[in-house]
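Heads up, the thing below is written out as C-alpha coordinates.
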Number of protein chains: 2
Amino acid sequence: MSEQRVTIGEAARLTGVSAKMIRWYEETGLLAPAARLESGYRTYGEADIHTLRFVRRARDLGFSVEAIADLLALWRDRGRPSAGVKAIALEQIAVLRQRITELEGMARTLEHLAATCCGDARPDCPILDDLAADEPPPPPVPRRRRGLGRGVPRA
Amino acid sequence: MSEQRVTIGEAARLTGVSAKMIRWYEETGLLAPAARLESGYRTYGEADIHTLRFVRRARDLGFSVEAIADLLALWRDRGRPSAGVKAIALEQIAVLRQRITELEGMARTLEHLAATCCGDARPDCPILDDLAADEPPPPPVPRRRRGLGRGVPRA
DNA sequence: CCTTGACCTTCCCATCATGGGAAGGGCCAC
DNA sequence: GTGGCCCTTCCCATGATGGGAAGGTCAAGG
(Lines give C-alpha, C1' and ligand atoms only; values in the text may rest on other atoms or scores of the structure.)
Protein backbone atom coordinates (compact mmCIF):
# COMPACT_ATOMS: atom_id res chain seq x y z
CA MET A 1 0.00 0.00 0.00
CA SER A 2 2.55 2.50 -1.08
CA GLU A 3 1.21 5.99 -0.88
CA GLN A 4 -0.98 7.06 -3.72
CA ARG A 5 0.78 9.68 -5.74
CA VAL A 6 -0.83 12.05 -8.18
CA THR A 7 0.29 14.35 -10.95
CA ILE A 8 0.34 18.10 -10.66
CA GLY A 9 -2.97 18.51 -12.49
CA GLU A 10 -4.67 16.13 -10.12
CA ALA A 11 -3.10 17.85 -7.16
CA ALA A 12 -4.44 21.13 -8.49
CA ARG A 13 -7.93 19.68 -8.69
CA LEU A 14 -7.69 18.21 -5.21
CA THR A 15 -6.48 21.38 -3.58
CA GLY A 16 -7.77 24.31 -5.56
CA VAL A 17 -4.27 25.59 -6.21
CA SER A 18 -3.57 25.82 -9.93
CA ALA A 19 -0.78 23.77 -11.45
CA LYS A 20 0.89 26.99 -12.47
CA MET A 21 0.87 28.21 -8.93
CA ILE A 22 2.13 24.92 -7.53
CA ARG A 23 5.15 25.13 -9.82
CA TRP A 24 5.67 28.73 -8.91
CA TYR A 25 5.50 28.04 -5.18
CA GLU A 26 8.11 25.38 -5.69
CA GLU A 27 10.30 27.63 -7.77
CA THR A 28 10.21 30.42 -5.23
CA GLY A 29 10.89 28.16 -2.30
CA LEU A 30 7.54 28.20 -0.54
CA LEU A 31 7.32 24.47 -1.18
CA ALA A 32 10.09 21.91 -1.32
CA PRO A 33 10.83 20.53 -4.78
CA ALA A 34 8.34 17.82 -5.63
CA ALA A 35 9.40 14.25 -6.26
CA ARG A 36 9.68 13.34 -9.92
CA LEU A 37 8.88 10.30 -11.97
CA GLU A 38 11.45 9.05 -14.40
CA SER A 39 9.61 10.99 -17.06
CA GLY A 40 10.23 14.20 -15.20
CA TYR A 41 6.60 14.54 -14.10
CA ARG A 42 6.12 15.89 -10.61
CA THR A 43 4.28 13.59 -8.17
CA TYR A 44 2.45 14.51 -5.02
CA GLY A 45 1.57 12.36 -2.05
CA GLU A 46 -0.97 12.88 0.68
CA ALA A 47 1.25 15.06 2.79
CA ASP A 48 1.84 17.32 -0.20
CA ILE A 49 -1.87 17.58 -0.84
CA HIS A 50 -2.37 18.49 2.75
CA THR A 51 0.24 21.20 2.55
CA LEU A 52 -1.25 22.60 -0.64
CA ARG A 53 -4.65 22.83 1.00
CA PHE A 54 -3.07 24.66 3.89
CA VAL A 55 -1.56 27.11 1.44
CA ARG A 56 -4.80 27.65 -0.41
CA ARG A 57 -6.73 28.22 2.78
CA ALA A 58 -4.18 30.77 3.93
CA ARG A 59 -4.31 32.53 0.56
CA ASP A 60 -8.08 32.66 0.84
CA LEU A 61 -7.60 34.52 4.10
CA GLY A 62 -5.45 37.05 2.29
CA PHE A 63 -2.08 36.05 3.68
CA SER A 64 0.89 36.95 1.52
CA VAL A 65 3.11 34.16 0.32
CA GLU A 66 5.75 35.42 2.69
CA ALA A 67 3.39 35.14 5.64
CA ILE A 68 2.33 31.71 4.50
CA ALA A 69 5.94 30.60 4.54
CA ASP A 70 6.09 31.62 8.19
CA LEU A 71 2.82 29.89 8.96
CA LEU A 72 3.99 26.71 7.26
CA ALA A 73 7.20 26.72 9.27
CA LEU A 74 5.25 27.11 12.48
CA TRP A 75 2.81 24.44 11.43
CA ARG A 76 5.58 21.96 10.91
CA ASP A 77 7.25 22.88 14.14
CA ARG A 78 5.33 20.90 16.69
CA GLY A 79 5.92 22.44 20.05
CA ARG A 80 6.10 25.98 18.73
CA PRO A 81 4.42 28.53 20.93
CA SER A 82 1.08 29.58 19.53
CA ALA A 83 1.98 33.19 20.25
CA GLY A 84 3.92 33.47 17.01
CA VAL A 85 0.99 32.27 14.98
CA LYS A 86 -1.37 34.59 16.72
CA ALA A 87 0.95 37.52 16.07
CA ILE A 88 0.94 36.79 12.35
CA ALA A 89 -2.81 36.50 12.35
CA LEU A 90 -3.28 39.75 14.23
CA GLU A 91 -0.95 41.51 11.84
CA GLN A 92 -2.99 40.23 8.94
CA ILE A 93 -6.19 41.38 10.59
CA ALA A 94 -4.68 44.83 10.99
CA VAL A 95 -3.75 44.93 7.32
CA LEU A 96 -7.24 43.85 6.31
CA ARG A 97 -8.93 46.37 8.60
CA GLN A 98 -6.70 49.14 7.32
CA ARG A 99 -7.50 48.31 3.75
CA ILE A 100 -11.19 48.07 4.50
CA THR A 101 -11.13 51.50 6.09
CA GLU A 102 -9.49 52.99 3.02
CA LEU A 103 -11.94 51.41 0.64
CA GLU A 104 -14.84 52.37 2.84
CA GLY A 105 -13.76 55.99 2.71
CA MET A 106 -13.59 55.91 -1.06
CA ALA A 107 -16.96 54.20 -1.34
CA ARG A 108 -18.64 56.67 0.97
CA THR A 109 -17.27 59.66 -0.89
CA LEU A 110 -18.42 58.24 -4.18
CA GLU A 111 -21.81 57.34 -2.83
CA HIS A 112 -22.25 60.86 -1.63
CA LEU A 113 -21.28 62.27 -5.00
CA ALA A 114 -23.43 59.83 -6.92
CA ALA A 115 -26.40 60.66 -4.75
CA THR A 116 -26.20 64.30 -5.72
CA CYS A 117 -25.79 63.58 -9.42
CA CYS A 118 -29.06 63.34 -11.23
CA GLY A 119 -27.57 61.10 -13.87
CA ASP A 120 -29.77 62.14 -16.71
CA ALA A 121 -29.26 63.84 -20.05
CA ARG A 122 -28.20 67.17 -18.60
CA PRO A 123 -24.52 68.00 -18.59
CA ASP A 124 -24.04 69.36 -15.10
CA CYS A 125 -22.50 66.76 -12.88
CA PRO A 126 -21.39 67.15 -9.28
CA ILE A 127 -19.11 64.17 -9.63
CA LEU A 128 -16.99 65.75 -12.33
CA ASP A 129 -17.18 69.07 -10.52
CA ASP A 130 -15.72 67.45 -7.46
CA LEU A 131 -12.95 65.72 -9.35
CA ALA A 132 -12.12 68.96 -11.09
CA ALA A 133 -12.14 71.04 -7.92
CA ASP A 134 -8.81 72.77 -7.96
CA GLU A 135 -7.35 71.51 -4.72
CA PRO A 136 -3.64 71.12 -4.26
CA PRO A 137 -2.43 67.70 -3.17
CA PRO A 138 -3.46 66.67 0.34
CA PRO A 139 -0.43 66.14 2.54
CA PRO A 140 2.40 66.67 0.10
CA VAL A 141 4.54 65.11 2.78
CA PRO A 142 4.00 61.41 3.16
CA ARG A 143 1.21 60.65 0.66
CA ARG A 144 -0.14 57.25 1.54
CA ARG A 145 2.90 55.12 1.92
CA ARG A 146 0.88 51.98 1.69
CA GLY A 147 3.19 50.38 -0.82
CA LEU A 148 0.84 47.49 -0.47
CA GLY A 149 -2.01 46.57 -2.69
CA ARG A 150 -1.85 50.18 -3.57
CA GLY A 151 -4.85 50.97 -5.66
CA VAL A 152 -8.04 49.23 -5.70
CA PRO A 153 -9.23 46.59 -8.04
CA ARG A 154 -9.88 48.15 -11.35
CA ALA A 155 -13.36 49.19 -12.29
CA MET B 1 1.65 87.44 -19.08
CA SER B 2 2.25 84.31 -21.02
CA GLU B 3 1.13 81.33 -19.08
CA GLN B 4 3.47 80.22 -16.36
CA ARG B 5 4.94 76.89 -17.26
CA VAL B 6 6.62 74.51 -14.89
CA THR B 7 8.85 71.46 -15.13
CA ILE B 8 7.68 67.98 -14.41
CA GLY B 9 9.09 67.99 -10.89
CA GLU B 10 7.24 71.14 -10.05
CA ALA B 11 4.07 69.76 -11.60
CA ALA B 12 4.50 66.69 -9.42
CA ARG B 13 4.76 68.87 -6.32
CA LEU B 14 1.74 70.92 -7.34
CA THR B 15 -0.49 67.97 -8.03
CA GLY B 16 0.65 65.08 -5.89
CA VAL B 17 1.25 62.89 -8.94
CA SER B 18 4.85 61.73 -9.07
CA ALA B 19 7.03 62.69 -12.02
CA LYS B 20 7.38 59.01 -12.82
CA MET B 21 3.65 58.61 -13.01
CA ILE B 22 3.18 61.74 -15.09
CA ARG B 23 5.57 60.34 -17.67
CA TRP B 24 3.88 56.99 -17.53
CA TYR B 25 0.43 58.47 -18.00
CA GLU B 26 1.75 60.28 -21.05
CA GLU B 27 3.39 57.17 -22.43
CA THR B 28 0.27 55.10 -22.07
CA GLY B 29 -1.98 57.71 -23.58
CA LEU B 30 -3.95 58.84 -20.57
CA LEU B 31 -2.46 62.28 -21.05
CA ALA B 32 -1.52 64.03 -24.26
CA PRO B 33 2.21 64.43 -24.83
CA ALA B 34 3.48 67.40 -22.87
CA ALA B 35 5.01 70.40 -24.59
CA ARG B 36 8.79 70.40 -24.57
CA LEU B 37 11.46 73.06 -24.20
CA GLU B 38 14.29 73.07 -26.67
CA SER B 39 16.26 71.11 -24.14
CA GLY B 40 13.73 68.33 -24.27
CA TYR B 41 12.34 69.11 -20.83
CA ARG B 42 8.59 68.71 -20.49
CA THR B 43 6.64 71.82 -19.51
CA TYR B 44 3.23 72.07 -17.96
CA GLY B 45 0.78 74.96 -17.95
CA GLU B 46 -2.18 75.64 -15.72
CA ALA B 47 -4.57 73.49 -17.68
CA ASP B 48 -2.16 70.58 -17.39
CA ILE B 49 -1.89 71.07 -13.66
CA HIS B 50 -5.63 71.08 -13.44
CA THR B 51 -5.86 67.86 -15.37
CA LEU B 52 -3.22 66.21 -13.22
CA ARG B 53 -5.12 67.13 -10.09
CA PHE B 54 -8.24 65.62 -11.60
CA VAL B 55 -6.33 62.43 -12.24
CA ARG B 56 -4.92 62.31 -8.73
CA ARG B 57 -8.29 62.88 -7.17
CA ALA B 58 -9.80 60.11 -9.25
CA ARG B 59 -6.96 57.75 -8.30
CA ASP B 60 -7.57 58.59 -4.66
CA LEU B 61 -11.12 57.39 -5.16
CA GLY B 62 -9.77 54.12 -6.48
CA PHE B 63 -10.63 54.55 -10.13
CA SER B 64 -8.50 52.56 -12.53
CA VAL B 65 -6.51 54.43 -15.11
CA GLU B 66 -8.88 53.10 -17.71
CA ALA B 67 -11.87 54.54 -15.89
CA ILE B 68 -10.05 57.81 -15.43
CA ALA B 69 -9.55 58.02 -19.16
CA ASP B 70 -13.32 57.79 -19.57
CA LEU B 71 -13.92 60.37 -16.88
CA LEU B 72 -11.43 62.74 -18.46
CA ALA B 73 -13.12 62.41 -21.82
CA LEU B 74 -16.48 63.16 -20.26
CA TRP B 75 -15.03 66.04 -18.33
CA ARG B 76 -13.72 67.66 -21.46
CA ASP B 77 -16.95 67.07 -23.31
CA ARG B 78 -19.11 69.93 -22.19
CA GLY B 79 -22.67 69.05 -22.88
CA ARG B 80 -22.21 65.36 -22.15
CA PRO B 81 -25.08 63.80 -20.29
CA SER B 82 -24.23 63.29 -16.63
CA ALA B 83 -25.70 59.80 -16.85
CA GLY B 84 -22.46 58.39 -18.24
CA VAL B 85 -20.45 59.80 -15.39
CA LYS B 86 -22.87 58.50 -12.84
CA ALA B 87 -22.73 55.05 -14.38
CA ILE B 88 -18.96 54.96 -14.06
CA ALA B 89 -19.20 56.11 -10.46
CA LEU B 90 -21.82 53.50 -9.61
CA GLU B 91 -19.72 50.80 -11.19
CA GLN B 92 -16.77 51.89 -9.10
CA ILE B 93 -18.90 51.86 -5.98
CA ALA B 94 -19.95 48.32 -6.78
CA VAL B 95 -16.34 47.25 -7.20
CA LEU B 96 -15.39 48.85 -3.92
CA ARG B 97 -18.31 47.31 -2.05
CA GLN B 98 -17.53 43.91 -3.47
CA ARG B 99 -13.93 44.15 -2.42
CA ILE B 100 -14.90 45.37 1.03
CA THR B 101 -17.20 42.41 1.44
CA GLU B 102 -14.43 39.99 0.55
CA LEU B 103 -11.95 41.58 2.92
CA GLU B 104 -14.55 41.78 5.64
CA GLY B 105 -15.15 38.05 5.36
CA MET B 106 -11.45 37.31 5.67
CA ALA B 107 -11.07 39.66 8.61
CA ARG B 108 -14.00 38.18 10.46
CA THR B 109 -12.77 34.65 9.99
CA LEU B 110 -9.35 35.57 11.24
CA GLU B 111 -10.72 37.49 14.17
CA HIS B 112 -12.75 34.50 15.18
CA LEU B 113 -9.72 32.24 14.96
CA ALA B 114 -7.46 34.67 16.77
CA ALA B 115 -10.00 35.02 19.54
CA THR B 116 -9.88 31.30 20.24
CA CYS B 117 -6.10 31.15 20.16
CA CYS B 118 -4.56 31.76 23.52
CA GLY B 119 -1.35 32.98 21.96
CA ASP B 120 0.97 31.92 24.68
CA ALA B 121 3.87 29.51 24.98
CA ARG B 122 1.77 26.40 24.45
CA PRO B 123 1.84 24.75 21.08
CA ASP B 124 -1.81 24.09 20.43
CA CYS B 125 -3.21 26.64 18.11
CA PRO B 126 -6.71 26.76 16.64
CA ILE B 127 -5.51 28.99 13.85
CA LEU B 128 -3.10 26.43 12.48
CA ASP B 129 -5.62 23.70 13.13
CA ASP B 130 -8.09 25.53 10.96
CA LEU B 131 -5.64 26.14 8.17
CA ALA B 132 -4.65 22.51 8.28
CA ALA B 133 -8.20 21.22 8.30
CA ASP B 134 -8.32 18.79 5.46
CA GLU B 135 -11.05 20.33 3.36
CA PRO B 136 -11.13 19.94 -0.36
CA PRO B 137 -11.28 23.12 -2.41
CA PRO B 138 -14.53 25.08 -2.13
CA PRO B 139 -16.29 25.34 -5.45
CA PRO B 140 -13.75 23.85 -7.79
CA VAL B 141 -15.80 25.45 -10.52
CA PRO B 142 -15.47 29.17 -10.64
CA ARG B 143 -12.96 29.90 -7.85
CA ARG B 144 -13.03 33.61 -7.34
CA ARG B 145 -12.66 34.97 -10.79
CA ARG B 146 -12.02 38.46 -9.66
CA GLY B 147 -8.93 38.83 -11.75
CA LEU B 148 -8.76 42.18 -10.11
CA GLY B 149 -6.72 43.18 -7.16
CA ARG B 150 -6.62 39.52 -6.52
CA GLY B 151 -5.14 39.00 -3.13
CA VAL B 152 -5.00 41.42 -0.44
CA PRO B 153 -2.25 43.75 0.48
CA ARG B 154 0.58 41.74 1.82
CA ALA B 155 0.97 41.28 5.50
C1' DC C 1 34.83 80.43 -17.39
C1' DC C 2 34.08 76.38 -14.79
C1' DT C 3 32.26 73.66 -11.20
C1' DT C 4 28.60 72.01 -8.43
C1' DG C 5 24.29 70.38 -7.46
C1' DA C 6 19.67 70.02 -8.59
C1' DC C 7 17.00 68.75 -12.10
C1' DC C 8 15.76 66.64 -16.42
C1' DT C 9 15.92 62.78 -20.13
C1' DT C 10 15.44 57.71 -21.46
C1' DC C 11 15.81 52.87 -20.42
C1' DC C 12 15.67 48.78 -17.71
C1' DC C 13 14.25 46.17 -13.71
C1' DA C 14 11.34 44.86 -9.58
C1' DT C 15 7.11 44.33 -7.33
C1' DC C 16 2.98 40.56 -6.25
C1' DA C 17 0.36 36.57 -7.55
C1' DT C 18 -1.56 35.07 -11.34
C1' DG C 19 -2.75 33.45 -16.09
C1' DG C 20 -1.88 32.62 -21.24
C1' DG C 21 0.37 30.30 -24.54
C1' DA C 22 4.08 28.07 -27.36
C1' DA C 23 7.12 24.21 -28.27
C1' DG C 24 8.25 19.67 -27.22
C1' DG C 25 7.70 15.21 -24.95
C1' DG C 26 5.02 11.39 -22.13
C1' DC C 27 1.27 8.29 -21.41
C1' DC C 28 -2.67 5.61 -22.28
C1' DA C 29 -6.55 3.68 -24.68
C1' DC C 30 -8.34 2.41 -28.84
C1' DG D 1 0.39 3.89 -33.86
C1' DT D 2 -2.28 7.46 -33.47
C1' DG D 3 -5.20 10.81 -31.19
C1' DG D 4 -6.02 13.29 -27.26
C1' DC D 5 -4.74 14.62 -22.87
C1' DC D 6 -1.28 15.64 -19.73
C1' DC D 7 3.22 17.04 -18.49
C1' DT D 8 7.63 19.83 -19.05
C1' DT D 9 10.11 24.47 -19.50
C1' DC D 10 10.28 29.16 -21.07
C1' DC D 11 8.60 33.69 -22.12
C1' DC D 12 5.24 37.36 -21.71
C1' DA D 13 1.40 40.17 -19.67
C1' DT D 14 -1.11 42.15 -16.01
C1' DG D 15 -1.55 47.32 -12.96
C1' DA D 16 0.34 51.04 -10.92
C1' DT D 17 4.15 52.12 -8.90
C1' DG D 18 9.08 52.83 -7.41
C1' DG D 19 14.32 52.38 -7.88
C1' DG D 20 18.21 53.41 -10.16
C1' DA D 21 21.76 54.00 -13.87
C1' DA D 22 23.80 56.81 -17.54
C1' DG D 23 23.90 61.03 -19.50
C1' DG D 24 22.24 65.96 -20.76
C1' DT D 25 20.61 70.99 -18.82
C1' DC D 26 20.52 74.72 -16.17
C1' DA D 27 21.35 78.27 -12.80
C1' DA D 28 24.12 80.03 -9.14
C1' DG D 29 28.41 80.94 -7.08
C1' DG D 30 33.45 80.89 -7.12
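All values below come from the heavy atoms of this structure, side chains included, with hydrogens, waters and symmetry mates left out. Naming: A, B, ... by sequence-line order, numbering from 1 per chain.
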Can you measure [X] atom [atom1] to [N] atom [atom2] for me and round it to whole angstrom units?
X     : N      : atom1 : atom2 : result
A:E66 : C:dA17 : CD    : C1'   : 14 Å
B:E27 : D:dT17 : CD    : P     : 14 Å
B:L37 : C:dC7  : CG    : C1'   : 12 Å
B:F63 : D:dA16 : CZ    : P     : 13 Å
A:L31 : C:dA17 : CG    : P     : 13 Å
B:E38 : C:dC8  : CD    : P     : 18 Å

Is the side chain of A:R5 donor-acceptor paired with the backbone N or O of A:T43 at a distance under 3.5 Å, no angle test? yes

[X] to [Y] - nearest heavy-atom pair and separation:
X      : Y      : value
A:E135 : B:R56  : O-NH2, 3.3 Å
A:P126 : A:L113 : O-CD2, 4.1 Å
B:L71  : A:L131 : CD1-CD1, 4.0 Å

Sorted by chain and number, sequence neighbours left out, side chain to side chain donor-acceptor pair (under 3.5 Å) with B:R57 holds for A:D130

How about A:R78: does its CZ atom have over 12 heavy atoms from other parts shown lying under 6.0 Å from it? no

Reckon B:Y25 has a side-chain N or O less than 4.0 Å from the OP1 or OP2 of D:dA16? no

SB check B:K86 B:E91 (cutoff 4.0 Å): no

Lys/Arg N to Asp/Glu carboxylate O, A:R122 vs A:D120, below 4.0 Å: yes

Reading nucleotides 2-12 of chain D from the 5' end, what letters show protein touch, with B for base, S for backbone sugar-phosphate only, - for no heavy atom under 4.0 Å? ----BSBBB--

Between its two end axes (five pairs each) the helix from C:dC1-D:dG30 to C:dC30-D:dG1 turns, nearest 10 degrees, through 30°

